[in-house]
Q: 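For reference, the structure I am asking about is given below.
Side chains included, hydrogens not; waters and symmetry mates left out as well; all remaining heavy atoms used. Computed from a predicted model, the values in this text were never measured in an experiment. Letters A, B, ... are given to chains in the order of the sequence lines, protein chains preceding strands, and every chain is numbered from 1.
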2 protein chains.
Amino acid sequence: MLKVGILGGGQLGRMLLQAAVPYEVETHVLENDPECPAAQLCTHFTLGDIRDFNDVYAFGRSLNSITIEIEQVNIDALEKLAAEGVVVIPEPRVLRLIKNKISQKAYYREHDIPTSDFVITQVRDELQHHLSFLPAVHKIGEGGYDGKGVQVIKDATDIHKGFDAPAVLEKLVAIKKELAVMIAINQKNETAVYPLVEMCFDPTLNLLDYQLCPAQVDASVATRATQIALQVVQGFRSPGLFAVEMFLNEEDQLLVNETAPRVHNSGHHSIEAMDSSQFDMLWRILLSLPLGSTRMRNPSVMINLVGSGDTGPAHYHGMTQVAATPGLSVHLYDKKISKPGRKMGHMTLLGSDMHQLQKQARELKNYVSVSGGTER
Amino acid sequence: MLKVGILGGGQLGRMLLQAAVPYEVETHVLENDPECPAAQLCTHFTLGDIRDFNDVYAFGRSLNSITIEIEQVNIDALEKLAAEGVVVIPEPRVLRLIKNKISQKAYYREHDIPTSDFVITQVRDELQHHLSFLPAVHKIGEGGYDGKGVQVIKDATDIHKGFDAPAVLEKLVAIKKELAVMIAINQKNETAVYPLVEMCFDPTLNLLDYQLCPAQVDASVATRATQIALQVVQGFRSPGLFAVEMFLNEEDQLLVNETAPRVHNSGHHSIEAMDSSQFDMLWRILLSLPLGSTRMRNPSVMINLVGSGDTGPAHYHGMTQVAATPGLSVHLYDKKISKPGRKMGHMTLLGSDMHQLQKQARELKNYVSVSGGTER
């Protein structure tokens with residue numbers, strides 16, 4: 001039986017392991033928290049630091065394949081493992097390219113992929129030279145995640161918010177819509193493309209608020225978005241599952257924002273809404289099975305459940321009221337502690353009418369919440 | 001966090017654990033095989049015999065709730081646990097009633113539930129007194145499972161096949177269709193009814209061949225079947241998930257065959273085809289959440305993958321050819337050894353046209369097989 005390892009044991013790892021149940025595979029997880037969401041669902045759990053060379057190398061040596069559920073991993077160790085014959089999905093070279101926001105942005109430019117204008121900065125003071133470029137978004141090269149490592153620099157008075165480290169300053173886009181395309185590529189270079197999704201962000205936390213599939217755009221926009229995403233992903237020349245995030249600006253131009261080289265928040269609805277979920281699809285790549293069908297079973301809306309209030313043991317509110325809603329699937333991530341902005345779960349609602357789905361999504365958001373407190 | 005135990009670690013336990021992932025629950029499994037399908041997916045695995053009083057009692061003492069995935073468990077221990085405050089789903093009294101085919105049949109008669117005529121026999125020789133009742137089916141009172149413990153007695157020459165133990169002799173029914181209704185009942189006595197399914201059996205192995213949902217019957221038959229199933233289940237006066245199997249005979253009468261007090265093979269399609277799967281539904285009962293929606297998302301056909309050929313390490317054939325079929329979900333049970341007739345997995349195909357689904361199901365059955373061999 002193939003042995004497959006996952007670097008990281010968060011909710012993405014948890015759902016990936018859930019999707020492994022129908023397959024013949026021995027699953028391994030490396031994470032530094034024995035109570036992480038994925039710890040109980042793998043065949044073997046290893047306590048260790050996914051950013052540490054020795055931990056990752058020791059973990060991966062006896063495996064057939066290895067993948068990630070977060071980019072912040074030790075890529076040197078993955079390169080050594082790949083050189084020794086472990087199949088690393090996606091290839092470490094691509095992880096390295098994507099993990100750094102500067103090289104990722106440079107990749108788009110080199111490959112003629114539409115993206116917002118940008119300049120690279122090494123230290124914060126350099127921002128003073130780019131006042132005419134503002135308003136813009138400053139993104140730290142390495143280490144950003146879930147809204148951290150990103151600052152909007154509207155004008156000179158915001159420069160103190162910028163990063164005093166290698167970073168990329170991206171021209172602010174007048175965003176009409178945020179879209180995402182998930183694409184799978186296997187070892188034979190075959191691709192499977194998921195329907196376009198539309199994401200609505202919470203402006204305060206910069207976290208996904210809810211997400212629609214299919215995106216409510218013209219067919220021509222959907223076609224262009226798919227073509228651009230294919231261009232991004234095929235240029236990597238690596239098997240893997242990739243989520244390409246884009247902006248549709250006020251001029252109806254599509255601009256690639258970022259690519260995630262892994263299962264992604266924008267693909268959670270695929271568990272219920274697609275024939276082959278993003279998690280199922282990654283197993284197919286890891287296990288050298290044919291790519292799954294990306295046929296949409298139902299239109300859907302997906303709502304993240306993020307912590308509000310204090311940090312503390314998680315309390316869920318309103319679950320009982322919504323639990324019997326037809327078409328609704330609730331996913332909790334088994335995180336013991338809720339923190340403001342922390343992803344604690346998500347809900348996917350299937351339906352047929354997009355207008356009705358969005359209305360219900362807003363109602364669900366009002367009913368259900370998660371917060372930290374001092375007791376269960 | 002609630003601690004919930006499952007007696008038995010087969011494929012039903014495995015899929016039950018998969019369905020627990022979105023919930024906040026600590027899962028425990030008791031089984032005497034550390035390599036059983038459910039062993040790797042629970043929070044705590046306990047090695048022990050589900051038929052042994054001490055093993056079951058020791059396993060259950062520290063749990064909040066306990067359920068079963070097979071009837072052959074120690075009911076005395078469950079009664080003691082229930083008396084001490086552990087929530088046992090379904091109630092041990094109902095397990096005891098159902099586990100014995102004689103008392104189960106008597107229950108139907110007492111509750112005016114249509115069922116085939118029957119007589120009770122204590123020893124094999126008694127069959128000689130019932131020659132005019134033949135052809136009939138002899139079912140052993142205790143210990144039958146998956147086609148074992150059942151013999152067709154066509155005439156006097158078959159009497160040697162009968163059971164020399166307490167058993168029930170049931171008049172042979174001229175079966176037009178085999179149907180099943182899954183019903184959930186929670187602690188508040190609320191019910192959720194799943195759409196009627198139609199089962200097609202392999203005549204050689206007496207194992208499910210494929211199964212359609214919705215059943216291809218008149219609406220009036222579906223309504224009657226649902227009413228009868230509700231009558232069966234409500235008479236138990238116990239929360240739980242129950243599969244009521246029925247025959248539709250040549251005169252269009254519905255006759256209850258057997259009831260399973262647990263998640264059941266006839267409900268596997270609910271993973272993909274229903275809003276709340278049978279496994280999800282049982283967690284809702286165990287965790288005192290509202291019952292889920294039994295809305296059908298898609299018509300479906302479910303095909304069991306049973307071992308053929310020799311006993312030995314499992315080999316799967318044709319998986320690659322069918323893996324990308326739109327609407328198809330393959331579930332393997334992680335059983336190391338294939339045996340003739342052993343349930344090794346199942347496939348669920350979603351579609352819209354029932355005729356097309358059945359055609360595809362037959363094609364899939366021809367492509368995919370499992371057999372035992374001497375090598376992987």
Q: For the residue pair Y333(A) and H346(A), confirm or rule out a side-chain donor-acceptor distance under 3.5 Å.
A: yes

Q: Who among T325(B), T320(B), N298(B) has the most heavy-atom pairs with chain A under 4.5 Å?
A: T320(B)

Q: State, to 0.1 Å, how close H331(B) and E272(B) come at their nearest heavy-atom pair, and which atoms those are.
A: NE2-OE2, 2.7 Å

Q: Heavy-atom cut-off 4.5 Å, strictly under: side chain, backbone, both or neither for S329(A) against chain B?
A: side chain

Q: Under a 4.5 Å cutoff for heavy-atom pairs, which residue among G292(A), A324(A), P37(A) has the most contacts with chain B?
A: A324(A)

Q: With a 3.5 Å cut-off and no angle check, do the side chains of E69(B) and H264(B) form a donor-acceptor pair?
A: no

Q: Less than 4.5 Å apart, any side-chain heavy atom of T27(A) and any of I6(A)?
A: no

Q: Contact part of V21(B) toward chain A, heavy-atom cut-off under 4.5 Å: side chain, backbone, both or neither?
A: both

Q: What residue in A19(A), G327(A), S276(A), A323(A) has the most heavy-atom pairs under 4.5 Å with chain B?
A: G327(A)

Q: Taking side chain as everything from C-beta outward and backbone as N, CA, C, O, which of these in L41(A) sits under 4.5 Å from a heavy atom of chain B? Side chain, backbone, both or neither.
A: both

Q: Hey, which of L17(B), L289(B), D280(B), T43(B) has the most heavy atom pairs under 4.5 Å with chain A?
A: T43(B)

Q: Do H268(B) and Q11(B) meet the criterion of a side-chain donor-acceptor pair at a distance under 3.5 Å?
A: no

Q: I would like to know whether I185(B) and N189(B) meet side chain to side chain contact (heavy atoms under 4.5 Å, CB included); could you show each step before the answer?
A: CA-CA 6 Å; I185(B) 302 195; N189(B) 209 30; 3.7 Å; yes

